[in-house]
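Here is the naming used below: chain letters follow the sequence lines, and residue numbers restart at 1 for every chain.
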Amino acid sequence: MEEKKNSEELQNKPKNFIYEIIDGDMETGKFGNKVHTRFPPEPNGYLHIGHAASICLNYGIARDYNGKFNLRFDDTNPEKEEVEYVESIIEDVKWLGGNFEDRIFYASDYFDKMYNWAVELIKNGKAYVDDLSADEIRAYRGTLTEPGKESPSRNRPAEENLSLFEKMKNGEFKNGEKVLRAKIDMTSPNLNLRDPIMYRIVHAEHHRQGNKWCIYPTYDWAHGLEDSIEGITHSICTLEFENHRPLYDWFLNELGVYHPQQIEFARINLNYTVMSKRKLLKLVQEKYVDGWDDPRMPTVSALRRRGYTPEAIRNFTDNSGIAKRDKVSEYALLEFSIREDLNKHANRVMAVLHPLKVVITNYPGTVEELDAVNNPEDPSAGTRKIPFSKEIFVEQSDFMENPPKGYHRLVPGGEVRLRYAYIIKCEEVIKNENGEVTELRCSYDAETRSGTGTSNKKVKGTIHWVSAAHAVEAEVRLYDRLFTAESPDSDKEKDFLEFINPNSLELIPKAYLEPSLKNAKPGERFQFERNGYFCVDTKYTTKDKLVFNRTVTLKDSWGKKAN
RNA sequence: UGCCCCGUGGUGUAAUUGGCAACACGUCUGACUCUGGAUCAGAAGACUCCAGGUUCGAGCCCUGGCGGGGCAGCCA
């Protein structure tokens, strides 16, 4: 991520409400003019574009205010968490440019401290061990409109609570037999304050703590403590925690410890996809996609594999904005962000995805090396040579026997320019027994070679091509959106799986690429001229087989008009 | 039905804190172009959810509605 913005730039940047809050805190010196943020994922899945927004926000704030940014795993639920997720999250945060330096923390490392604080609350009569079952607790909690009632265990003496709590810790009870609850107010209109649970018994192996613990802190109890321990100033979370803030504050106040400020903002949603980890997990487990990093997924690892750059994702999240109202960003904005980046940085090459053979009948049986510009947006990218010969492949869609009005590619008897080569004329159309076009016989005009300036001829279209004898073969995967509905998970009747796009992947086993691509490296990005941006797949590319993923198409004003 | 949050072009944000509603994406024109890309020029699109009130003046403040979202896990 770019270096710390200078103060003038920071002044002029339109500020979201969080920056305004922080500006206010800087003025009053609330946190001693320090800013310290964190990104606190639970390692129970891969990061998605929404998490990327949170990382960019939190890291960006730390950077802009010359503060610090922590990565902290909120690993308080051993039943759902795995090291695989921890590892992928670390990789993704780094890749996005979220620089946590050496500050990578785990909530589970704070369990001893949390336990002691719980003991303190018990001693102060602010927490108690409850014998009620999960069902009973729910019943006692009341409803949205009716107050709850107090558990019979609520007024147990502190001594008894202490010994019971210790027994909980020592594994003397089964799952669900006891819980530790905060003693707040069973009649609060905010249900989160009706004696929330602080610890539950879970006999399960934790990915870092092993079997050291069989009681685990709940989010409400743990999160503020984690922030407090790390000296976080602004604890930024999503909207659904707004009703939990009084609880966040209550625990910290009762303990009298350092007290960060929780600020909530609306998460990013993206249309034509789903964002909940549960649904993404389902897509993976039930094999609707090929893993968390399937390029059609909205995960950071998938976007990376698809060819997105960290820069593009940062721009996308910046442009998506920060506010408190629910929002859905358009897929087009994501696509814009990557096109904008790749247009400037990706070298152009020629590749034919759906080949149609063209024989240039009057071209000699020789090979010419033609000059091609690598990136018209960046002269420093230089030029390269491309071989041209008598037999070439062009794109099937670049020829039409009966073209609609406005089509300016190859038609019978018509002319087009071959990019960086000659103008050719279609003399003959060859078909198979099914009437399908299998080959074109064309003539070329030797006076029209690109760069020679000897041609007065103007043609409307320029198409790309690859010399048949020199072509490199590759598998190419074309992706479309994973869902056909803008908001696949908001239909009241239909399950989101019913909206899966059956055509979200078109696999082209054999595409023809210009020879310069022979040694393309996994992860390398290119623009296939007129086709879109592509990158070498990092998962399936081998020494003997190149696999390309289409990152995004080029904007296509003709295709749009034609439909 | 209790509590909390939120309503600004199609989408997402802004409006110097009470002063002509701006920017980006998208859409549509046109120019240019050896990528139907890029670039450039332009256009359309908003009674700022509604109704009252305060004020010379309200997107912004007040009141009341309406609409959307969240909360009744021993998930986070």
**Request:** Can you tell me the distance, in whole Å, between the CZ atom of A:Arg267 and the C1' atom of B:G69?
**Result:** 12 Å

**Prompt:** Using atom P of each nucleotide, how far apart are B:A21 and B:G26 to the nearest Å?
**Reply:** 26 Å

**Request:** Answer yes when A:Asp131 and A:Lys178 have at least one side-chain N-carboxylate O distance shorter than 4.0 Å, and no when they do not.
**Result:** yes

**Asked** Sub-3.5 Å donor-acceptor pair from the side chain of A:Gln396 to the main-chain atoms of A:Pro355, do we have one?
**Response** yes

**Prompt:** Which whole-number value in Å describes the distance from A:Asn271 CG to B:G26 C1'?
**Reply:** 11 Å

**Message:** Please check if the number of heavy atoms outside A:Glu20 that lie under 6.0 Å from its CD is greater than 12.
**Reply:** yes

**Message:** In whole Å, measure the gap between the C1' atoms of B:C23 and B:U16 for me.
**Reply:** 15 Å

**Message:** Other residues, nucleotides and ligands only: do more than 12 of their heavy atoms fall within 6.0 Å of CZ on A:Arg208?
**Reply:** yes

Distance-only criterion, 3.5 Å: show the donor-acceptor pairs between side-chain atoms of residues 164-172 of chain A and protein atoms not counting sequence neighbours.
unit_1	atom_1	unit_2	atom_2	d
A:Asn170	ND2	A:Glu166	O	3.3

**Message:** Would A:Tyr85 and A:Trp292 count as a side chain to side chain contact (heavy atoms under 4.5 Å, CB included) here? Give the steps.
**Reply:** CA-CA 10 Å; A:Tyr85 298 134; A:Trp292 285 94; 4.0 Å; yes

**Residues forming a salt bridge (charged side-chain N to carboxylate O under 4.0 Å, His left out) with A:Glu146, sequence neighbours excluded** = none

**Request:** Tell me which of A:Glu529 and A:Glu377 sits closer to the 5' end of RNA chain B, going by the nucleotide each one is nearest to.
**Result:** A:Glu529

**Whether A:Thr448 side chain and A:Asp445 backbone form a donor-acceptor pair below 3.5 Å** = yes

**Message:** At 4.0 Å (heavy atoms only), tell me whether A:Pro376 reaches a base, stays on the sugar-phosphate, or touches nothing.
**Reply:** base

**Request:** Mind calculating the distance between OH (A:Tyr248) and C1' (B:C4) to the nearest angstrom?
**Result:** 19 Å

**Message:** Rounded to whole Å, please give me the gap between CD in A:Glu335 and P in B:C25.
**Reply:** 14 Å

**Request:** Using the P atom on both, measure B:C74 against B:C61 and round to a whole Å.
**Result:** 38 Å

**Request:** Tell me what A:Tyr216 touches on the nucleic acid: a base, only sugar-phosphate, or nothing, going by heavy atoms under 4.0 Å.
**Result:** nothing

**Same-atom distance (P) from B:G65 to B:G70, integer angstrom** = 23 Å

**Message:** With rounding to the closest Å, how many angstrom separate the P atoms on B:A24 and B:U63?
**Reply:** 37 Å

**Prompt:** Rounded to whole angstrom units, what separation is found between the CD atom of A:Gln262 and the P atom of B:C4?
**Reply:** 17 Å

**Message:** Taking any heavy-atom pair under 4.0 Å as a contact, classify A:Glu242: base, sugar-phosphate, or nothing.
**Reply:** sugar-phosphate

**Prompt:** How would you list, by chain and number, every residue that makes a salt bridge (charged side-chain N to carboxylate O under 4.0 Å, His left out) with A:Glu205, sequence neighbours excluded?
**Reply:** none

**Asked** In whole Å, what is the span from the CG atom of A:Asp556 to the P atom of B:G26?
**Response** 14 Å

**Prompt:** When the nearest nucleotide of RNA chain B is assigned to A:Arg409 and to A:Thr145 on a heavy-atom basis, which residue is associated with the more 5' position?
**Reply:** A:Thr145

Protein-nucleic acid N or O pairs under 3.5 Å, nucleotides 59-62 of chain B:
none

**Asked** Residues in salt bridge (charged side-chain N to carboxylate O under 4.0 Å, His left out) with A:Lys327, at least two apart?
**Response** none

**Prompt:** For A:Tyr407, which contact category applies under a 4.0 Å heavy-atom criterion: base, sugar-phosphate, or nothing?
**Reply:** base

**Prompt:** Say you pick atom P in B:A41 and the same atom in B:C50; how far apart are they, in whole Å?
**Reply:** 35 Å

**Request:** Please report, rounded to the nearest Å, how far the P atom of B:U11 is from the CD atom of A:Glu486.
**Result:** 9 Å

**Fill in**
Paired with A:Asp130, the salt bridge (charged side-chain N to carboxylate O under 4.0 Å, His left out) test is passed by just one of A:Arg156, A:Lys183, A:Arg181, A:Arg154, namely A:Arg181

**Prompt:** What integer number of Å spans the C1' atoms of B:A38 and B:U33?
**Reply:** 9 Å

**Prompt:** Which letters describe nucleotides 70-76 of chain B, given B = protein heavy atom under 4.0 Å from base, S = only from sugar-phosphate, - = neither?
**Reply:** BBBSBSB

**Message:** Just the rounded figure in Å: distance from P of B:G37 to CZ of A:Arg419.
**Reply:** 12 Å

Could you pull out the protein-nucleic contacts involving nucleotides 15-17 of chain B (nitrogen or oxygen on both sides, under 3.5 Å)?
unit_1	atom_1	unit_2	atom_2	d
B:U17	O4	A:Glu20	OE1	3.4

**Message:** Does this structure show an ion pair linking A:Glu368 with A:Arg449, if we count only N-O contacts that are shorter than 4.0 Å?
**Reply:** yes

**Prompt:** Taking the C1' atom of each, how far is B:A15 from B:A72, in whole Å?
**Reply:** 41 Å

**Complete:** Partner of A:Phe388 under ring-ring contact (aromatic ring centres under 6.0 Å, His included), picked from A:Tyr420, A:Tyr444, A:Trp465, is A:Trp465

**Message:** For RNA chain B, please output the secondary structure as dot-bracket, reading 5' to 3'. Pairs are Watson-Crick or G-U wobble, both atom distances under 3.5 Å; mark crossing pairs with [ ], other-strand partners with |, unpaired with a dot.
**Reply:** .((((((..((((.....[..)))).(((((.......))))).....(((((..]....))))))))))).....

**Message:** Any base atoms under 4.0 Å from A:Gln527, or only sugar-phosphate, or nothing? Heavy atoms, all strands.
**Reply:** base

**Prompt:** Within the structure shown, what part of the strands sits under 4.0 Å from A:Arg348 by heavy-atom distance: base, sugar-phosphate, or nothing?
**Reply:** base

**Complete:** Residues at least two apart in sequence or cross-chain that pass salt bridge (charged side-chain N to carboxylate O under 4.0 Å, His left out) with A:Arg481, listed by chain then number, are none

**Complete:** Contact check, residues 272-280 of chain A vs RNA chain B, heavy-atom distance under 4.0 Å, returns none

**Short side-chain N/O contact to B:G36 OP1/OP2 from A:Arg530, under 4.0 Å** = yes

**Message:** Can you tell whether the side chains of A:Glu230 and A:Arg38 come within less than 4.0 Å, N to carboxylate O?
**Reply:** no

**Message:** Checking understanding here: a glycosidic angle within 90° of 0 is syn, the rest anti, so what is B:G64?
**Reply:** anti

**Fill in**
Sorted by chain and number, sequence neighbours left out, side-chain contact (heavy atoms from CB on, under 4.5 Å) with A:Val274 holds for A:Lys279, A:Leu280, A:Leu283, A:Phe483, A:Pro488, A:Asp489, A:Phe496

**Prompt:** Counting distance only, does the side-chain N/O of A:Arg200 pair as donor-acceptor with the main-chain N or O of A:Gly176 below 3.5 Å?
**Reply:** no

Taking only nitrogen or oxygen atoms into account, show me every contact under 3.5 Å that the protein makes with nucleotides 27-29 of chain B, one pair per line with its distance.
unit_1	atom_1	unit_2	atom_2	d
B:U27	OP1	A:Lys560	NZ	2.4

**Request:** For A:Gly461, report the nucleic acid contact type (base, sugar-phosphate, nothing); a contact means any heavy atom under 4.0 Å.
**Result:** nothing

